[in-house]
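First up is the structure itself, then whatever we jot down about it.
Worth knowing before you read on, the calculation uses all heavy atoms, side chains too, and leaves out hydrogens, waters and symmetry mates.
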Amino acid sequence: IKMKSFLRIKLILISNCVILLSYNCFSQTTSPNFISSSNAYLGSLLIPKSNRSLDKGNPTGIEVNYIHPTNGIKRWERIFHYPEIGVSFIYLDFANNEQLGKGMSIYPFIDFNLTRHKKISLHFKIATSLGVVTKKFDPINNPENLAIGSYLNGFVNLRMNAKIHLTKNLRIETGLGLSHFSNGAMALPNLGINIFSCNLGMGYQFNASAAKLHLDTFSLPSQKIHIVIYTALGLRSISRTDQTKFPAGIISINLERNKGTKTKWNTGLEFAYSTARLSKTKADPSIENYKDLQNIQAGFKIGYAFCVGQLSFPLEMGVFLYSKPQNEYFFHRIGLRYQISKHFIVGFTLKTEWAVADFFEMNVGYTFPCKSNRANKIN
């Protein structure tokens, strides 16, 4: 780790203290119970060997958080032991200003409390949003940047944090995590920027005495089996030099089962049609008389979703039963979905073919309940 990285971390930690002091002054005129925290980041780029020339040092950064501690007024808050929710701003210096530049994002998050210890608690933070990078691939001015082909990207931040409570209000935060920038192949190249990092910071809870927790007692909802039909649309590019966006669409028919209040499982059939794939196939001189309908891909999938109230985080794996030509065998999906009503679901997910991003999807789903069991009482 270079001395410049330590100097940047020192400046960031000093700025953290300034930020917390400014929050303290602001809180004198406000009454809500909230937490403000800021963290310094020190990390390492995770990039393929073929692109190691981009690694010029240790990325550093700063994160500022506005946090609302839940009190159990909603059922899901009690189920997950009163997680914290909030909004963060993150600024990352990739330690390669000429080729990678800087990265920034403002994102909402959920920070799950994994333990019930009062002095030292372990948390897992999940966040996804849009992010901006200041340098992207350019065939003339930045040809070696094969990581990112667009300024605007999707951003994901996953962190495992330990929080050491020094007093009722003051705590130290430290942990490990992964930050990821990617555009889902909407603009090539798109290897993505991945940073594995450690963080260190402080947090202060204002008006902690106003926090009153609702009892962790609730009724377990019905165990339900649903038929859910999803449609999804997205765009992707197929060339670094020609950034034409090719549309793609998916229809999937799923059988879903809610397992308690935290998880649900699904299995189903999926049909996909990508004009980007069609264009690449027709451009292949070894393939003749290829018809448009042959471009339809059919697959079987299984999935799991982690649920927080009406919000769910799906993880799906599938295999293509029909794909001509058979260049791909497996597909995967991650993202988030939200149940906006009894029947309608909306979502934003990333479809990949093995470890390669295919495209970001905008989802709409319609659910048909087909079986329900009685609710159980839990104390």
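- Clustering ILVMFWY residues whenever any of their side-chain heavy atoms sit less than 4.5 angstrom apart, transitively, puts Tyr66 in the very cluster that holds Met202.
- Residue Phe331 is not grouped with residue Ile296 when hydrophobic side chains (ILVMFWY) are merged at heavy-atom distances under 4.5 angstrom, including chains of intermediate members.
- When atom types are taken as modelled, the side chain of Thr263 and the backbone of Ala305 share no donor-acceptor pair closer than 3.5 angstrom.
- In this structure, Glu84 pairs ionically with Arg171, as a charged nitrogen and a carboxylate oxygen lie closer than 4.0 Å.
- A side-chain donor-acceptor contact under 3.5 Å links Glu173 and Asn39.
- Ring pair Phe94/Phe181 is perpendicular by interplanar angle, where above 60° counts as perpendicular and below 30° as parallel.
- More than 12 heavy atoms of other shown residues, nucleotides or ligands fall within 6.0 angstrom of atom CD1 in Ile287.
- The environment of Leu293 atom CG is sparse: at most 12 non-hydrogen atoms of other residues, nucleotides or ligands sit within 6.0 angstrom.
- Between Ile227 and Leu255 the shortest side-chain heavy-atom distance falls below 4.5 Å.
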Might you work through the salt bridge (Lys or Arg N to Asp or Glu O under 4.0 Å) test for Arg159 and Glu63, ending with a clear yes or no?
-> CA-CA 12 Å; Arg159 307 206 71 77; Glu63 179 185 75; 5.8 Å; no

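- Aromatic ring pairs are classed by plane angle as parallel below 30°, tilted from 30° to 60° and perpendicular above 60°; the pair Tyr107 and Phe109 is perpendicular.
- Looking at Ser179 and Asn157, their side chains do bring a donor and an acceptor atom within 3.5 Å of each other.
- Within the 6.0 Å centre-distance limit, the rings of Tyr366 and Phe344 are counted as a close aromatic pair.
- Scanning all heavy atoms of the two residues, the minimum distance from Ile148 to Gly192 falls at CD1-CA, 4.3 Å.
- No side-chain heavy atom of Asp358 sits under 4.5 Å from any side-chain heavy atom of Thr352.
- Side-chain contact between Pro59 and Leu92 is absent, with no heavy atoms from C-beta onward closer than 4.5 Å.
- There is no side-chain donor-acceptor pair under 3.5 Å between Asn295 and Ser274.
- Taking the six-membered ring for Trp and the full ring otherwise, the centers of Tyr91 and Phe89 sit at least 6.0 Å from each other.
- Ion pair Glu270/Arg333 flagged as a salt bridge, since at least one NZ, NE, NH1 or NH2 atom sits closer than 4.0 Å to an Asp/Glu carboxylate oxygen.
- Residues Lys135 and Asn145 share a closest heavy-atom pair of O-ND2, 3.5 Å.
- You'll find the side chain of Lys245 reaches within 4.5 Å of the side chain of Ser237, heavy atoms only.
- The local environment of CE in Met317 is sparse, with at most 12 non-hydrogen atoms from other residues, nucleotides or ligands closer than 6.0 Å.
- At distances below 3.5 Å, at least one donor-acceptor pair connects side-chain atoms of Asn190 with backbone N or O atoms of Asn183.
- For Leu315, the CG atom sits in a packed shell: over 12 heavy atoms of surrounding residues, nucleotides or ligands are nearer than 6.0 Å.
- Side chains of Asn254 and Ser252: a donor on one and an acceptor on the other come within 3.5 Å.
- More than 12 heavy atoms of other residues, nucleotides or ligands lie within 6.0 Å of NZ in Lys102, so this atom counts as buried by the packing criterion.
- Using a 4.5 Å heavy-atom cutoff, the side chains of Leu45 and Ile195 are in contact.
- Note: the hydrophobic cluster containing Val132 does not contain Phe155 (ILVMFWY, side chain heavy atoms under 4.5 Å, direct or indirect links).
- Considering all non-hydrogen atoms of both residues, Ala272 and Ile250 come closest at CB-CG1, 3.8 Å.
- Closest approach of Val346 to Ile340, counting heavy atoms only: CG2-CG2, 3.8 Å.
- For the pair Tyr322/Gln294, a side-chain contact is recorded, criterion being any heavy-atom separation below 4.5 Å from C-beta on.
- A ring-centre distance under 6.0 Å is not found for His68 and Phe34.
- A cation-pi geometry, defined here as NZ or CZ lying under 6.0 Å from the six-membered ring centre and within 45° of its normal, holds between Lys136 and Tyr151.
- Smallest separation of non-hydrogen atoms from Tyr230 and Ile345: OH-CD1, 3.6 Å.
- Side-chain contact check for Ser239 versus Lys280: every heavy-atom pair is 4.5 Å or farther apart.
- Ring centroid separation for the pair Phe271 and Tyr273 does not come in under the 6.0 Å cut-off.
- Checking Phe124, Phe306, Trp76, Tyr82 one by one against Phe112, the ring pair (Phe, Tyr, Trp, His ring centres under 6.0 Å) holds for a single residue, Phe306.
- Residues Asn51 and Leu191 are in side-chain contact: their nearest non-hydrogen atoms beyond the backbone lie under 4.5 Å apart.
- In the displayed structure, Glu98 atom CD is contacted under 6.0 Å by at most 12 heavy atoms of other residues, nucleotides or ligands.
- Side chain of Ser312 to backbone of Pro314: no donor-acceptor contact under 3.5 angstrom is found.
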List the steps, then state whether side-chain hydrogen bond (donor to acceptor under 3.5 Å, both in side chains) holds for Ser37 with Asn65.
-> CA-CA 5 Å; Ser37 73; Asn65 309 286; 2.9 Å; yes

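- Counting all heavy atoms, side chain and backbone alike, Pro247 lies closest to Thr275 at O-OG1, 2.6 Å.
- Glu328 has no carboxylate O lying under 4.0 Å from a charged side-chain N of Lys351, or vice versa, which leaves the two without a salt bridge.
- At least one donor-acceptor pair under 3.5 Å links the side chain of Thr70 to the backbone N or O of Pro83.
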